[in-house]
Amino acid sequence: MRLFDTMSREVKDLLPADGKTFRFYCCGPTVYGPAHIGNFRTFVLQDVFRRTLELSGLPALHVRNLTDLDDKTIRDSQAAGKSLEEFTKFWRDRFHEDCQKLNMLPPHIEPSAVGHIPHQIRMIEELIEKGHAYQSEDGSVYYRVTSFSDYGRLSRLDQRELREGASGAVADDEYEKDSVADFALWKARREEDGDNYWDSPWGEGRPGWHLECSAMCREYLGETFDLHSGGVDLVFPHHENEIAQSEACTGHTMAHHWFHLTHLLVDGGKMAKSAGNFYTVDQLGEAGFSPAELRYVLISAHYRQPLNFVAKDEEGNESFPALAGARQALQRIARLSAALQEKAGIAEIPAFEELKKIDDRGSFQGAFDALADDLNTPESLGKVFSAMKALDLDSLDEAAAKTEFHGLQVALAALGLELPDLEAEKAEAPAEIQELAQQRWSAKQDKNWAEADRLRDEVTAAGWTIKDTKEGFELIPSA
RNA sequence: GGCGAGGUAGCCAAGUGGUAAGGCCGGGCUCUGCAAAAGCUCUAUCGCGGGUUCGAUUCCCGCCCUCGCCUCCA
């Protein structure tokens, strides 16, 4: 598998350093509110990445943290009058529910910041010892950026000016630092932190945000690991600071590969609560769209391109045309898949573990290859449809159908797409509707077209659509 | 001001130095009493102006425009 590396700015092969397991870390969510669909673009694509790795025969060790200790979780838990633990547990559970709905494989290890305070303190001690950090008068500890000559390599900071206070915002603890670029490793206890403080050699306080990832990477993946991932916004300063902390501490390269995911836009602009275009999985569910449909949209653009999520149609109504389109597309795949399955005489769709063993992917090999080549999800989807169109179902014997069915399932498993249940679409209509539809069918058989049409209108008015088939009819709830 | 990404059909979105995947929408056809559904099918010369080249949407230069980051942020 090949993937673009932010550090070297080139597409590189992915090879596990230990020759066996590909070990990678993803910066997870801050659990202080519901994750939005932009967050999930990142997490879903990381999930496609992992699925592709595993299906290509490379075992993975996936670590993704939960940020449960930072300014926002403390601030909002206080505002809610809850303990930090109770508050973050609520949002952590919610995040996990959303992940499950979106068919994401759970990470193998999911550490949290609060659970690793001692690890972080130990790292600070090391950094002070090695001259990379200093304590300020109030008991905070800062990282001295100038002590790490490689600082800025990932974000190419050395090639640009550090514009101090570009946003006009100036941290209130700035006077404590030797340089504005220095960042906090340990924050001295403050009034507004409430009960959220821990003992340390520098007094009571709490670790800085950037440190948790460094500490947990080291704990679970070692001093050097294969890949580190996150949203583009984390390149600077978060990942830059992680590198500075970890590499200054260990003296070794932190990660061999940096995988960054470009943000989602909504209707051409940045998603923001203030803009009213901040969507969650639940919200879209309430609007009548399934998580699978959302997932389809989230993977419909390459991860290094901005993806424009269209929420409003041309009339400006919030009708989510992108999701409606995804529904049509998924149903087409589902019909073809069902036809292949029947032709192949296969009872159950093979589980993920079983799909790992399938190496003849038939016509769908190209769809898988597109993912292995820099995780090109849109090309992969294109190949799925192209392969579908090229298939001549009638000419396939059972063995060929089986190969094609398995190939399709591997491609879908890599993309993490769950197909809609076509049978479930045919919901049970109320008895009176069934009766009307049956009467209409009889009228139709008698070629009493006027009566048949009249009855169909009645059924339609009641919110159901009649689909005639060769043998009879089906009732579908109207959209 | 600095850094970066991008402008491909109505919308979303791949890709390529030799006239452009795929999805949605829309049109047509088949099927059908009609309709729906389904299947098939049609629809772009790639922001503008130069340059390099036998040939550029794809490389180079300039311009216009959009978006993101530089502050917590996936």
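Small disclaimer: the values here were computed from a predicted structure and weren't measured.
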I'd like a list of close polar pairs between nucleotides 43-46 of chain B and the protein, N/O only, cut-off under 3.5 Å.
none

What residues form a side chain to side chain donor-acceptor pair (under 3.5 Å) with [X], not counting sequence neighbours?
X        : value
A:Arg144 : A:Asp178
A:Ser246 : A:Ser214
A:Lys444 : A:Asp468

Under the rule for side chain to side chain contact (heavy atoms under 4.5 Å, CB included), what residues qualify as partners of [X], not counting sequence neighbours?
X        : result
A:Asp373 : A:Arg2
A:Gln438 : A:Trp441, A:Ser442, A:Phe473
A:Glu318 : A:Tyr279, A:Phe320

Produce the list of close N/O pairs, under 3.5 Å, pairing protein atoms with atoms of nucleotides 5-11 of chain B; give distances to one decimal.
from	atom 1	to	atom 2	distance (Å)
B:rG6	OP1	A:Gln305	NE2	3.2
B:rG10	O2'	A:Glu314	OE2	2.8

Nucleotide N/O to protein N/O under 3.5 Å, stretch nucleotides 21-23 of chain B:
from	atom 1	to	atom 2	distance (Å)
B:rG23	OP1	A:Arg332	NH1	3.2
B:rG23	OP1	A:Arg332	NH2	3.3

Paired runs of 3 or more consecutive Watson-Crick or G-U pairs involving RNA chain B, with both pairing distances under 3.5 Å, are B:1-7 with B:64-70, B:10-12 with B:22-24, B:26-30 with B:38-42, B:47-51 with B:59-63
Protein N or O to nucleotides 28-32 of chain B N or O, pairs below 3.5 Å:
none

Extract all donor-acceptor atom pairs below 3.5 Å that involve side chains of residues 23-36 of chain A and protein atoms in other chains or at least two apart in sequence.
from	atom 1	to	atom 2	distance (Å)
A:Arg23	NH1	A:Leu221	O	2.5
A:Arg23	NH2	A:Thr224	O	3.3
A:Tyr25	OH	A:Asn65	OD1	3.2
A:His36	ND1	A:Gly38	N	3.0
A:His36	ND1	A:Asn39	N	3.1
A:His36	NE2	A:Asn39	ND2	3.3

